[in-house]
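Step one of this worksheet: look at the structure below.
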Amino acid sequence: MKYPKLKVSLDKLTANINCVTEKCAAAGIKVCGVVKGFNGLMPAVERFAASDCSQIGTSRMTQIIDFRNHGIDAEMLLLRIPMISEAEDVVRYADMSLNSEPAVVKALDEAAGKAGKVHKVILMADLGDLREGFWDAEQLLDCAVMTENLDNVHFAGIGTNLGCYGSIKPDTGKMEQLVELAEMIEERIGRRLEIISGGATSSYPLVLSGQMPERINHLRIGEGIICSYDLPVLWGLDMEGMSDEIFTFETEIVEVKDKPTHPVGEIFVDAFGQRPVYEDRGIRKRAIAAAGKLDFALNDKIFPAEEGISVVGSSSDHLILDIEDAERDIKTGDTVTFRLSYPSVMYLSNDRYLDVEYI
Ligand SMILES: *Cc1c(COP(=O)(O)O)cnc(C)c1O
């Protein structure tokens, strides 16, 4: 056994994918399964490829190229607006991309022409989250008409992204605004768009509550499938049938001692130049686990799976735990397990110092 270790439960993953794709299908919505949150670990991507997801989506071309080289032939959606410098790879390896710049769409058209391919384009509208997308409806319309008239790209539809930068909560109003934009475009180009993509995990609650406007027929879902943490914990939704233990983290205890809880001496700065505040709780039983910020980056985004254990802090390679109230007698050489949320899965799945175990 080697630690630290990231455990991935593939059957639980498949069950979560199926639960989401079934609920969405019942509402006439196709799901792009988003795999960037776990850095596209291949056995997990294979589960998405074998599911009812209509595409596999990620923000990085490097991952899409890996998937293709690995023989995954699912439709691939590039989520981040393509760099002009990667246009050749985009049309060669991805089938579809999200876009918001006419110059990029033109570069894709040119590259697709050279490669003898047709690349599908979804144009993004910014409805207030202030990350990617057209802010100005006229500019969106102009780009739609331009895209429609290019030979080597197919204008597949429009989409939006919410709840990423601006923390904006998708609601029926925002979705109706997107449908309105789609219908304006349809009037201009004289045909129906195939895809109206209503967002990410944060739009999924509208499906569950039956409030998603009928014409929204596509969502791009990552976190809600791979962690199922945000909706039950932050939104307070009942996510019956969804596992929140697809990715777990396990590492070994290297020290157990009774220690003061308040540092002793003149307090200055910690290993990362911060000035934390320390609460004096007297002498308590502490353990050090072999893992650190280099692995999970944020020690408040990993959650001890056992009652009575809490995370006190960490430096790059040491994780300090309070085990005073632990239900078992934790000893050096024992292991502890953590549940994870999206940021910790993202960092840990990209960690070359840990083993990944598929169960
Ligand atoms: C990451 C991403 C998603 C998926 O987001 P989740 O919150 O993980 O569901 C969807 N769309 C775009 C454009 C993204 O970048």
Side-chain angles (χ1 to χ4, degrees), residues 13 16-17 19-21 23-24 29-41 44-45 48 51 53-64 75-83 90 94 96-101 104 120-134 156-170 174-175 178 195-208 212 216-235 237 239 242 244 246-247 301 340-347 349-350:
L13 172 62
N16 273 16
I17 298 170
C19 183
V20 170
T21 53
K23 290 213 156 78
C24 283
I29 291 171
K30 290 191 170 156
V31 176
C32 167
V34 176
V35 301
K36 69 183 190 209
F38 58 90
N39 282 275
L41 293 174
V45 172
F48 277 91
S51 75
C53 287
S54 57
Q55 298 92 20
I56 288 176
T58 185
S59 44
R60 307 254 170 180
M61 267 319 298
T62 316
Q63 288 178 20
I64 291 182
E75 188 165 79
M76 299 283 174
L77 169 58
L78 177 63
L79 296 171
R80 186 171 62 192
I81 310 307
M83 294 182 263
V90 175
M96 178 151 66
S97 55
L98 304 182
N99 282 275
S100 63
E101 285 291 349
V104 176
K120 295 182 205 168
V121 164
I122 293 180
L123 295 180
M124 297 296 279
D126 186 342
L127 302 182
D129 201 59
L130 309 185
R131 202 179 74 180
E132 76 274 46
F134 285 94
I158 70 166
T160 194
N161 199 64
L162 293 159
C164 272
Y165 168 72
S167 320
I168 295 299
K169 187 175 176 180
K174 294 283 181 199
M175 294 298 109
L178 185 66
I195 296 176
I196 306 182
S197 188
T201 295
S202 57
S203 295
Y204 182 54
L206 293 174
V207 176
L208 295 177
M212 190 60 99
I216 303 288
N217 61 6
H218 187 265
L219 291 179
R220 313 170 306 270
I221 300 184
E223 196 280 335
I225 292 173
I226 67 171
C227 297
S228 193
Y229 173 85
D230 289 8
L231 299 185
V233 177
L234 306 179
W235 292 57
L237 294 179
M239 299 304 287
M242 295 290 287
D244 60 359
I246 292 170
F247 292 89
K301 299 293 177 192
L340 305 171
S341 66
Y342 191 85
S344 39
V345 172
M346 186 185 78
Y347 290 117
S349 57
N350 193 40

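Counting starts at 1 for both ligands and their atoms, in listed order. Below, all heavy atoms of this structure are taken into account, side chains as well, without hydrogens, waters or symmetry copies. Along the sequence shown, the residues carry numbers beginning at 1. Just so we're clear, the structure is a prediction, and the values are computed from it rather than from any experiment.
Rounding to the nearest 0.5 Å gives a distance of 10.5 Å between CG of Leu78 and NZ of Lys36. To the nearest 0.5 Å, atom CG of residue Leu162 and atom CG of residue Leu127 are 5.5 Å apart.
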task = Begin from the C-alpha positions of Thr201 and Leu231 and carry the test side chain to side chain contact (heavy atoms under 4.5 Å, CB included) through to its verdict.
result = CA-CA 8 Å; Thr201 295; Leu231 299 185; 4.0 Å; yes
message = Applying side chain to side chain contact (heavy atoms under 4.5 Å, CB included) to Val34 and Phe48, what does each step give before you reach the verdict?
response = CA-CA 9 Å; Val34 176; Phe48 277 91; over 6 Å; no
task = For Arg220 and Leu77, run side chain to side chain contact (heavy atoms under 4.5 Å, CB included): C-alpha distance rounded to whole Å, both residues' side-chain angles, the deciding distance at 0.1 Å, then the answer.
result = CA-CA 10 Å; Arg220 313 170 306 270; Leu77 169 58; 4.2 Å; yes
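At the shortest separation from atom 8 (O) of ligand 1 among protein heavy atoms lies Glu223 N, 2.8 Å. Lys36 NZ, 1.4 Å is the protein heavy atom nearest to atom 1 (C) of ligand 1. For atom 6 (P) of ligand 1, the closest non-hydrogen atom on the protein side is Thr201 OG1, 3.5 Å. Counting only heavy atoms of the protein, atom 11 (N) of ligand 1 lies nearest to Arg220 NE, 2.9 Å. Here the protein heavy atom with the shortest distance to atom 5 (O) of ligand 1 is Ala200 CB, 3.3 Å.
Annotation for Arg60: atom CZ does not count as buried by contact number, only 12 or fewer foreign heavy atoms lying within 6.0 Å.
Using a 4.0 Å heavy-atom cutoff, Met124 is absent from the residues neighbouring ligand 1. Within the structure, the closest approach of Arg131 to ligand 1 falls below 4.0 Å when heavy atoms are considered.
Taking any N or O of Glu132, backbone or side chain, none lies under 3.5 Å from an N or O belonging to ligand 1. Where the criterion is an N or O separation shorter than 3.5 Å, residue side chain and backbone included, Leu98 fails it with respect to ligand 1.
The shortest distance between side-chain heavy atoms of Asn99 and Pro82 falls below 4.5 Å.
Within the 4.0 Å heavy-atom criterion, the part of Asn161 lying near ligand 1 is the side chain and not the backbone.
For Gln63 and Thr58, the side-chain atoms include at least one donor-acceptor pair closer than 3.5 Å.
For ligand 1, the atoms closer than 4.0 angstrom to any heavy atom of Ile221 are 9 (O).
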